[in-house]
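Take a look at the structure below.
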Amino acid sequence: MENQREKELWEELIDERILRAVQEMGFENFSPIQEQAIPCLLNGEDIIGQAQTGTGKTAAFGIPLLQKVDPELRKLQCIVLCPTRELAIQAADELRKIAKYMHGIKVLPVYGGQEISRQIIGLRGVQIIVGTPGRVMDHMRRHTIRLDDVNTVVLDEADEMLNMGFREDMELILGQIPGEHQTALFSATMPQPILEITGRFQNNARLIRVAAKELTIPLVAQRYYRVKGQDKDAACIRLLEYYQPALCLIFCNTKVKVDELSEVLKREGFQAEGLHGDMSQHQRDVAMHRFRNGSTNILIATDVAARGIDVDNVEAVINYDLPQDTEYYVHRIGRTGRAGRTGRSFTFATARELYRIREIERVCHTTIEEKKLPGAAKALKAKADRYLNKAWELKEHEDIELMKTFLLRKMEEEGCDALELAAVMLKAQVGDRGPEIEADRPVSRGRSGERFGDRRGRDGWRRERGEGRGRNTAADERRGGKERGRNGYREEEGKGRDGGRGGRRQGKDGGRDTRGERGGKEGCRPGVGRRTGRYPGREGFREDADTRGGYGKDRYREGDGKREERGIAFARPRRKKTEE
């Protein structure tokens with residue numbers, strides 16, 4: 001506590017058993033959300049708490065919730081809803097720690113993927129359940145959860161539950177609770193559906209808004225690499241080979257990519273496991289257990305599945321995909337560099353995603369350094385050094401002398417020396433040097449607008465000797481005639497300034513003569529039914545902009561230059577009238 005008076009106030013407000021447990025958990029001061037929410041909840045008020053993840057919201061609702069529970073009443077009294085199984089398990093564990101010295105209080109997490117019969121047995125005598133909306137609804141349908149004595153409901157991470165499609169379940173659960181009860185809602189954002197839920201199911205709720213924390217990660221060295229999308233797998237393998245982290249978290253945006261990358265890394269000899277929402281609870285528990293005990297040193301996960309992962313000695317985090325939300329970036333790389341240790345974060349970004357890197361730097365007040373991926377030779381050297389160091393650790397082993405005899409026998413058989421034999425053995429272990437991975441660079445533009453190797457002027461079109469500002473390019477030159485007039489169209493013998501593109505024969509005013517038909521006086525193409533009319537006449541009309549068979553604009557009658565009424569463009573040109 002900051003001073004003695006504040007400490008005395010909290011001691012009067014909060015049960016001494018809870019304070020004792022909280023202090024043992026290492027907390028000395030209450031966070032802003034806890035300071036504002038705890039008194040309101042102890043007074044029985046409904047609240048809306050807007051605060052980021054990681055600000056201590058579990059203790060903010062957990063302390064008053066536990067203090068109000070009657071340990072003598074062996075019936076359900078409180079329900080806490082969470083968006084994911086991991087968050088439900090994490091919140092239940094924290095509530096148990098806070099209630100360490102409060103005997104008779106039973107907390108149970110309920111979530112999908114676990115045998116429901118096992119949960120039904122565990123629900124006997126439980127006062128607090130922490131669960132996902134879908135599984136809580138399942139128990140309500142089976143009448144294995146009785147709501148008659150529920151006096152408190154907490155919606156934790158309400159915006160995440162909405163994003164995951166739990167709105168209907170949330171409303172059904174809240175609507176089924178009989179009698180008066182207290183409702184606390186916590187959310188990082190306040191979209192309109194959240195406000196609608198609060199309006200329906202809360203009474204005069206007090207809004208508690210905590211300013212966003214400064215999103216900084218001081219102990220994590222942050223780097224990013226410009227990598228093409230198709231090279232991300234190779235770049236990921238390159239970093240793992242070069243840095244060789246003892247524990248590494250890799251984040252992908254989709255479940256499909258988690259599975260694909262997991263298979264790729266396993267084929268390359270890495271101990272990797274995937275973690276996402278489509279896996280059964282047993283599979284997820286096994287993956288997390290293997291990652292925590294070190295039997296798997298690489299865990300590939302989505303953002304939602306990674307909620308609740310609490311491993312202190314993660315050395316590196318790789319953002320295979322850029323997170324969809326800047327706050328997720330902080331949550332991801334905040335899983336390394338814990339407990340005073342330094343950590344590394346590596347982020348892959350294509351040339352078109354560089355603006356996202358700048359946005360993260362701006363919002364998080366940090367610098368993400370651009371780096372070049374380690375070369376293939378460096379990665380091969382790192383693999384060889386690791387193998388040699390690991391092998392040298394066995395030099396005191398009792399079987400070394402026996403191994404020497406094997407080597408001497410092989411050297412005599414092959415007629416080679418020890419260095420040559422050792423090099424071959426090392427080669428068999430570390431493999432070949434991989435290909436170089438080129439960085440993804442944006443398309444460069446010269447000062448005069450050069451792109452894709454073309455020489456262009458300021459207006460973006462190629463300028464060659466004799467060209468004006470028109471759009472004609474080398475394609476026209478192949479058709480003949482490099483000289484261009486002031487208006488940018490090609491002027492050849494028999495063509496006028498109106499710019500009708502010439503066929504084999506040209507009329508005196510530049511109209512195209514197709515199949516022996518002569519163009520009109522105004523230089524318009526006489527044919528009808530063509531796909532597009534790209535060449536304007538003197539009056540500026542675009543001819544027949546519609547597709548074949550559609551309606552065109554006013555067009556000139558062939559031969560006499562008079563404008564016809566708007567009509568249907570036919571598939572074939574009309575025959576020219578013979579002069580009488």
Side-chain angles (χ1 to χ4, degrees), residues 58 61-62 65-66 68-96 99 104-186 193 196-197 200-202 276-286 288 304-305 307-308:
T58 305
F61 65 75
L65 183 149
L66 289 167
K68 293 173 63 176
V69 168
D70 181 4
E72 302 297 327
L73 180 61
R74 311 294 292 181
K75 294 182 179 180
L76 180 62
Q77 301 173 45
C78 305
I79 296 177
V80 180
L81 297 180
C82 298
T84 67
R85 309 164 187 173
E86 286 74 23
L87 280 178
I89 294 170
Q90 183 179 345
D93 288 341
E94 190 163 351
L95 289 177
R96 290 189 185 114
I105 294 181
K106 189 176 179 182
V107 182
L108 181 72
V110 294
Y111 45 84
Q114 190 181 51
E115 291 185 11
I116 196 164
S117 58
R118 180 181 173 185
Q119 290 180 359
I120 292 172
I121 295 172
L123 281 169
R124 296 170 185 170
V126 167
Q127 292 103 344
I128 303 170
I129 63 169
V130 185
T132 53
R135 182 47 64 98
V136 172
M137 282 289 298
D138 197 358
H139 282 290
M140 289 171 59
R141 294 189 194 100
R142 296 168 180 264
H143 303 288
T144 50
I145 287 180
R146 302 288 183 178
L147 307 177
D148 299 333
D149 297 289
V150 171
N151 54 50
T152 306
V153 181
V154 178
L155 306 180
D156 190 18
E157 305 283 0
D159 52 350
E160 286 292 334
M161 286 192 278
L162 286 177
N163 293 338
M164 296 173 69
F166 287 134
R167 176 173 180 173
E168 184 177 353
D169 290 349
M170 293 160 62
E171 293 179 344
L172 285 172
I173 293 169
L174 292 172
Q176 291 294 318
I177 299 174
E180 294 184 3
H181 59 275
Q182 187 178 16
T183 304
L185 183 147
F186 291 88
E196 292 173 1
I197 290 175
R200 287 183 58 189
F201 300 103
Q202 289 187 307
H276 58 70
D278 285 350
M279 297 169 61
S280 69
Q281 188 60 38
H282 176 70
Q283 291 174 317
R284 297 166 75 161
D285 291 341
V286 169
M288 280 304 306
V304 174
R307 304 287 289 271

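- For the pair Met161 and Glu157, the minimum side-chain heavy-atom distance is 4.5 Å or more.
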May I have the step-by-step check of side-chain contact (heavy atoms from CB on, under 4.5 Å) for Glu160 and Thr84, ending in yes or no?
CA-CA 9 Å; Glu160 286 292 334; Thr84 67; over 6 Å; no
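- Panel note: side chain Arg146, backbone Leu76; no donor-acceptor pair is recorded below 3.5 Å.
- Remark: Arg284 CZ to Gln114 CD distance equals 12.5 Å, nearest 0.5 Å.
- Going from atom NE2 of His181 over to atom CD of Gln202 covers 9.0 Å, rounded to the nearest 0.5 Å.
- A 4.5 Å side-chain heavy-atom check between Ile197 and Leu162 finds at least one atom pair inside the cut-off.
- The shortest heavy-atom contact between Gln77 and Val69 is OE1-CA, 3.6 Å.
- Note that CD1 of Ile129 is 12.5 Å distant from NZ of Lys106, once rounded to the nearest 0.5 Å.
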Evaluation steps, side-chain contact (heavy atoms from CB on, under 4.5 Å), between Val130 and Asp156
CA-CA 10 Å; Val130 185; Asp156 190 18; over 6 Å; no
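- The backbone N or O of Ser280 sits less than 3.5 Å from a side-chain atom of Gln283, completing a donor-acceptor pair.
- Side-chain atoms of Arg74 come within 3.5 Å of backbone atoms of Gly104 as a donor-acceptor pair (strictly under, hydrogens ignored).
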Show the numbers, then the answer: is there a side-chain contact (heavy atoms from CB on, under 4.5 Å) between Cys78 and Val154?
CA-CA 8 Å; Cys78 305; Val154 178; over 6 Å; no
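- The backbone N or O of Ile120 lies less than 3.5 Å from no partner atom in the side chain of Arg142, so there is not a single donor-acceptor pair.
- In this structure, Glu171 pairs ionically with Arg167, as a charged nitrogen and a carboxylate oxygen lie closer than 4.0 Å.
- Nearest heavy-atom pair, Gly112 versus Thr132, reported as atom, atom and distance to 0.1 Å: N-OG1, 3.9 Å.
- Heavy atoms only, all atoms of each residue included: Val136 and Ile145 are closest at O-CD1, 4.3 Å.
- Scored by the side chain to side chain donor-acceptor pair (under 3.5 Å) test, His139 finds Gln119, Thr144 as partners (sequence neighbours excluded).
- Atom CG of Leu155 is separated from atom CG of Leu174 by 5.5 Å, given to the nearest 0.5 angstrom.
- The minimum heavy-atom distance linking Pro71 with Ile105 is given by the pair CB-CG1, 4.2 Å.
- In this structure, Asp138 contributes its side chain and Gly134 its backbone to no donor-acceptor pair below 3.5 Å.
- Rounding to the nearest 0.5 Å places CG of Leu81 at 10.0 Å from CG of Leu185.
- Nearest heavy-atom pair across Ile173 and Pro133 is CD1-O, 3.8 Å.
- In terms of modelled atom types and a separation under 3.5 Å, the side chain of Arg96 and the main chain of Val107 share a donor-acceptor contact.
- Contact check for Asp149 versus Gln127: no side-chain heavy atoms found under the 4.5 Å cut-off.
- Taken to the nearest 0.5 Å, the CZ atom of Arg85 stands 9.0 Å off from the CD1 atom of Ile89.
- Among all heavy-atom pairs drawn from Pro178 and Leu147, the shortest one is CD-O, 3.5 Å.
- Applying the side chain to side chain donor-acceptor pair (under 3.5 Å) test to Lys68 and every residue at least two apart in sequence or in another chain returns Gln182.
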